[in-house]
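Sequential numbering from 1 along the given sequence is applied to the chain's residues.
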Amino acid sequence: MPRNDYKSTGRTFYDVENIAVLTDEGSASASEILAGAIQDWDRGIIIGRRSFGKGLVQEQYRLRDGSAIRLTVARYYTPSGRCIQKPYDGRDDYDDDVSERIENGELYDNHNIQHEDTTKYFTNAGRVVYSGGGIDPDVFVPLDSTLLNPYFIRLNQHVPSFAFRYLDSHRSALEKYSMEEFSAKFTVSDAIAADFLDFAVTRGEKRNERQWAKVVSKLKLAIKASIARHRWSDQGYHYVLNEADPFIKKAKQVVRQENPLSLK
């Protein structure tokens, strides 16, 4: 394989003092490389949960019949020498990694993180970090278990259809809002939520008052975000969700500190 050299002037492109990088168990590959480099150089703070752990470099080679094969040719390492890639000796263990994190409680408590490599690595400022299975956050944000509630998952699939119908029947009232005003002022009331449950029941779901009480607040947010998506596309959807996102709330809190890295 030919050698490729990449050079940098060393200049800072963005004059930002406090950087927060958000990661979770779905953050993989390039996002982990960036997070690991920022963490190792103490350039910013990692907020969320341990990343996925994919740090393989692949090259694609074309074959004579028009197909192609991708070969793993290298691994990514962070500036401190940490390997991002998690072990993949057992295919089942690799495929079931996220499920195992749920079962061992890692997604709810960072003290349950199991490091395959207990070797200590050090950031530029001397903070201890670990290798072998993703990038650990500096500030942990636990998973909201409501998102794994089977009742929430079943009902949530009906949210886009309900939101579209709601927007269509209340268009004149909703069009007076800008996206920012909608996010700040519009509320999915108990009555709207009850209408949604009726809607879901007509499509085969069952009423479960006990479970409904657990998931209704999340469904209200999902309905509001979905209405915003139908009104302002993905920009509206993410704008609404971000206002309530625990990662972003924590990031805003942390970067306002005089020394965010001291929170590690």
Side-chain angles (χ1 to χ4, degrees), residues 4-58 72-88 97-98 101 106-144 238-239 241-264:
N4 294 311
D5 292 327
Y6 302 91
K7 297 182 179 180
S8 170
T9 64
R11 292 183 300 169
T12 301
F13 286 97
Y14 302 103
D15 188 18
V16 180
E17 292 185 359
N18 294 337
I19 298 174
V21 180
L22 313 183
T23 67
D24 65 10
E25 56 282 355
S27 304
S29 197
S31 59
E32 296 177 280
I33 298 166
L34 176 65
I38 286 177
Q39 188 177 58
D40 280 4
W41 289 116
D42 295 295
R43 185 68 180 84
I45 192 160
I46 312 303
I47 295 175
R49 297 187 288 275
R50 183 164 64 102
S51 63
F52 182 80
K54 182 191 180 301
L56 298 179
V57 183
Q58 296 175 316
T72 297
V73 297
R75 295 188 180 194
Y76 280 110
Y77 290 80
T78 70
S80 67
R82 292 183 289 161
C83 178
I84 294 172
Q85 179 65 39
K86 62 187 175 184
Y88 51 91
D97 179 62
V98 174
R101 296 189 196 193
E106 173 185 326
L107 302 188
Y108 308 105
D109 185 345
N110 62 329
H111 294 97
N112 292 326
I113 294 177
Q114 299 176 358
H115 294 106
E116 295 289 340
D117 183 356
T118 57
T119 303
K120 291 183 178 180
Y121 295 81
F122 299 90
T123 70
N124 196 47
R127 296 185 298 134
V128 175
V129 287
Y130 293 95
S131 175
I135 304 300
D136 289 354
D138 299 309
V139 176
F140 182 74
V141 177
L143 174 70
D144 186 340
H238 292 294
Y239 191 93
L241 287 185
N242 288 348
E243 289 296 304
D245 189 283
F247 286 75
I248 294 178
K249 284 184 175 181
K250 177 61 71 172
K252 287 180 177 179
Q253 174 190 341
V254 168
V255 297
R256 292 191 181 111
Q257 304 298 316
E258 183 175 349
N259 181 13
L261 293 176
S262 66
L263 299 176
K264 167 65 174 174

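Within a 6.0 Å radius of OH in Y76, other residues, nucleotides and ligands contribute 12 heavy atoms or fewer. The number of heavy-atom neighbours closer than 6.0 Å to NZ of K250, taken from other residues, nucleotides and ligands shown, is 12 or below.
Closest heavy-atom contact between L22 and A251: CD2-CB, 3.9 Å. The two residues L143 and Y108 make their nearest non-hydrogen contact at O-CD2, 3.5 Å. Residues A125 and D42 share a closest heavy-atom pair of N-OD2, 2.5 Å. Looking at every heavy atom in both residues, F247 comes nearest to T23 through CE2-O, 3.3 Å. Nearest heavy atom pair, residue S80 against residue V129, reads OG-CG2, 4.4 Å. A pairwise comparison of heavy atoms in P79 and A37 identifies CD-CA, 3.8 Å as the closest pair.
Here CD of E32 is found 8.5 Å from CD of Q85. Values are rounded to the nearest 0.5 Å. Rounding to the nearest 0.5 angstrom, the gap separating the NZ atom in K86 from the CG atom in D97 is 3.5 Å. Separating the CG atom in D138 from the CD1 atom in I45 is a distance of 5.0 Å, to the nearest 0.5 Å. Distance check, rounded to the nearest 0.5 Å: CG of D136 to CD of E106 gives 7.5 Å. Taken to the nearest 0.5 Å, the OG atom of S29 stands 11.5 Å off from the CG atom of L34.
No side-chain heavy atom of V128 sits under 4.5 Å from any side-chain heavy atom of Y121. Side-chain contact between C83 and Y77: present, with at least one pair of heavy atoms (C-beta onward) separated by less than 4.5 Å. The side-chain heavy atoms of R49 and R101, taken from C-beta on, include no pair separated by under 4.5 Å. Using a 4.5 Å heavy-atom threshold, the side chains of R82 and I135 count as touching. Side-chain contact between I113 and Y130 is absent, with no heavy-atom pair separated by less than 4.5 Å. Side-chain contact between I47 and V141 is present, with at least one heavy-atom pair separated by less than 4.5 Å.
For N242 (side chain) and H238 (main-chain N/O), a donor-acceptor pair under 3.5 Å exists by modelled atom type. Checking side-chain atoms of R50 against main-chain N and O of G133 turns up a donor-acceptor pair under 3.5 Å.
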